[in-house]
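These values consider heavy atoms only, across backbone and side chains, with no hydrogens, waters or symmetry-generated copies. Ligands are counted one by one from 1 in listed order, and the atoms in each one are counted from 1 as well.
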Amino acid sequence: MEEVSEKDLQRLIDSEKGTVSREIFVDQTIFDLEMERVFARSWLFVGHEGFIPNPEDFFASRMGKDPVILTRNKQGEILVFLNSCTHRGMKLCRYDQGNARAFTCPYHGWSFSTNRDIVEEPGELVGVPHFKDGYGEHLDRKRWGLVRCPNVVVYKGTIWANWDPEAPPFLEWLGDMHHYLDVALDHRDGSPGGSEVIGGVQKWRVKTNWKIVAENFIGDMYHDISHRSVDTVGIGPGGKGRRDAQRPRLAIGFSELGHGVLGELPYTAEPDYAPTFASHPDVEAYYRKVYDDRVRNLGDRPRVTNSVGTIFPNMSFHSKQPRTILITHPISPTEVELWRLYLVDADAPQAVKDAARHYYLRYSGPGGMTEADDMENWTYAIGSSEGAIARRQDFNYQLALGKAEPVPGLQGAVQSGSYSEENQRIFYRRWAQFMSRAEWDSLMPQATPAKARSHGD
Ligand code: FES
Ligand code: FE
């Protein structure tokens, strides 16, 4: 395709009929537009507070195709900058993580500071070789400071950023989907926050399209057949038992926001405790204790539990079994870079953290048994859709079409049973809104530089 018109979009995404053209998964023009219209305007997960605990720590992240630096300045502010030197584009920071008093470019040596004791605006250019004899001291060091992302928010340890000056506040973007995300981020005893990331981030590349991954975690119970072999072997949390031992879940989607989960409706009485770690009595004792604390802490407040979901566009999570975050970074129409982070209660004993880590790694990530099944599906589905004939065909999303019902107690949510593609239809409708030229013009008339908003709103 050479360009995407409104008519094209209607043809590409037909959520009434439940069809989506394969073009949106393989076409370079569509991919380029996605970077501009979806990724440059969405709240994106960029990291975790635990990656930058100290002043002047940094973590190299991504927002769409843009590399970014996530850093904490000397004053403790959390900041996000484009990781590209303003002089001639060199990738400024090529380490994954570390601590630096200033960012100095390896190409011609420009350096930038975030320290408010030295600069007015974090990211300013502070060091330029030949400033006197070459530029006659006339180079505007403020004008050539690092490009700073205007919106950065911390939510229960997770850090999110959005390039759009007109972006809605993060909590509005998340909506009542927060109930499901909270289960992953809150302590197992029900108190808010209290989780930490074990170790670092698993990163690996897969030949697929980012949307196939996002929709896989948005509420697709239908593909469980792929995991038949995993379901018959004992990879459960305690080293035995099925990985899928859990209560029935429903596809619950947020119609306006584009998010969705496979999860439970809110309930008030905690289900009975289910022992899982028979061969690790100390681990079992911990889970028993936090279960009792949870019952006491939450009382009869509505809560949800084990779920797997996607927050539009590319942040997916498992809240309990296992407890992990997956970011799907788009690299090209047919390639992604996957980042998995694993969460545990920060104050849990080491034995509990070790048992969780062992379970997480046999389940998820590049060596995880369940992820291996999924990766095979994602790779072959896109690989067999690239050809001249294949790309003219549609994908089918007609499962449980017309069955959506409102969910009491969750703003804007609908549910459509355990086996449904309603959440995928919602996701692609949201995607089409972002991709629409008319919507784009009304939502983002000009890309004016935003006045930087501090984190925490
Ligand atoms: Fe960074 Fe030249 S590209 S100093
Ligand atoms: Fe799967």
Side-chain angles (χ1 to χ4, degrees), residues 60 67 69 81-95 100 102-113 123-131 134-135 139-141 143-147 206 208 210-233 235-236 242-246 249 251 260-263 306-310 316-326 328 336 338 340 359-382 399 418-421 423-424:
I69 303 171
F81 299 99
L82 191 65
N83 190 2
S84 178
C85 180
T86 51
H87 179 227
R88 203 91 90 251
M90 176 66 188
K91 189 171 183 184
L92 192 59
C93 175
R94 289 171 300 158
Y95 292 93
F103 293 102
T104 301
C105 180
Y107 199 169
H108 310 91
W110 282 21
S111 62
F112 306 84
S113 174
E124 259 176 51
L125 180 59
V126 288
V128 180
H130 307 290
F131 186 61
Y135 296 94
L139 181 67
D140 182 348
R141 292 200 280 198
R143 157 72 182 84
W144 295 100
L146 291 179
V147 179
V206 178
T208 191
W210 68 272
K211 296 184 291 301
I212 277 279
V213 183
E215 65 150 78
N216 180 90
F217 294 104
I218 209 168
D220 186 352
M221 186 76 169
Y222 200 20
H223 83 273
D224 240 23
I225 188 173
S226 311
H227 299 307
R228 190 64 60 82
S229 56
V230 178
D231 288 343
T232 56
V233 295
I235 73 155
R242 292 167 66 102
R243 63 154 197 133
D244 60 344
Q246 56 199 240
R249 296 181 289 179
V261 292
L262 191 62
N306 192 15
S307 54
V308 46
T310 292
S316 304
F317 64 89
H318 287 70
S319 66
K320 196 171 169 188
Q321 299 281 26
R323 186 177 176 188
T324 165
I325 290 170
L326 176 73
T328 306
V336 298
L338 297 172
R340 262 211 191 272
Y359 173 53
Y360 298 164
L361 294 182
R362 64 180 176 263
Y363 191 110
S364 297
M369 291 178 70
T370 314
E371 201 105 279
D373 297 333
D374 291 327
M375 285 191 281
E376 204 171 323
N377 294 328
W378 303 334
T379 306
Y380 281 95
I382 295 306
L399 186 63
S418 294
Y419 295 93
S420 167
E421 283 161 349
N423 290 1
Q424 286 82 352

Colleague: Starting from atom 2 (Fe) of ligand 1, which protein heavy atom do you reach first, and at what distance in Å?
Modeller: His108 ND1, 2.0 Å

Colleague: His227 pairs by side chain to side chain donor-acceptor pair (under 3.5 Å) with which of Thr232, Asp374, Thr370?
Modeller: Asp374

Colleague: Number the atoms of ligand 1 from 1 as they appear, then name those within less than 4.0 Å of a heavy atom of Trp110, with their elements.
Modeller: 4 (S)

Colleague: Can you tell me which N/O/S atom of His87 has the shortest distance to atom 2 (Fe) of ligand 1?
Modeller: ND1

Colleague: When you measure from the centre of the six-membered ring of Phe131, is the NZ or CZ of Arg141 under 6.0 Å away and within 45° of the axis?
Modeller: yes

Colleague: State which residue, out of Thr328, Thr324, Thr310, fulfils the side chain to side chain donor-acceptor pair (under 3.5 Å) condition with Ser316.
Modeller: Thr310

Colleague: Going by the order shown, which atoms of ligand 1 are within less than 4.0 Å of some heavy atom of Gly109?
Modeller: 4 (S)

Colleague: Show me which atoms of ligand 1 lie under 4.0 Å from any heavy atom of Tyr107.
Modeller: 2 (Fe), 3 (S)

Colleague: Using a 4.0 Å cut-off to any heavy atom of Met90, which atoms of ligand 1 qualify?
Modeller: 3 (S)

Colleague: Angle at atom 1 (Fe) of ligand 1 between SG of Cys105 and SG of Cys85, to 10°?
Modeller: 110°

Colleague: Any luck finding a side-chain donor-acceptor pair between Thr208 and Thr379 under 3.5 Å?
Modeller: no

Colleague: Could you tell me whether any N, O or S atom belonging to Asp224 is less than 2.8 Å from the Fe ion (ligand 2)?
Modeller: no

Colleague: So, do Trp110 and Trp144 sit near enough that their side-chain heavy atoms are less than 4.5 Å apart?
Modeller: yes

Colleague: Does a donor on one side chain sit under 3.5 Å from an acceptor on the other, for His223 and Asp373?
Modeller: no

Colleague: Relative to the heavy atoms of Arg88, which atoms of ligand 1 are at a distance of less than 4.0 Å?
Modeller: 3 (S)

Colleague: Below 4.5 Å, heavy atoms only, C-beta onward: do His87 and Cys105 meet side chain to side chain?
Modeller: no

Colleague: With rounding to 10 degrees, what does the angle Asp374:OD1 / the Fe ion (ligand 2) / His223:NE2 come to?
Modeller: 90°

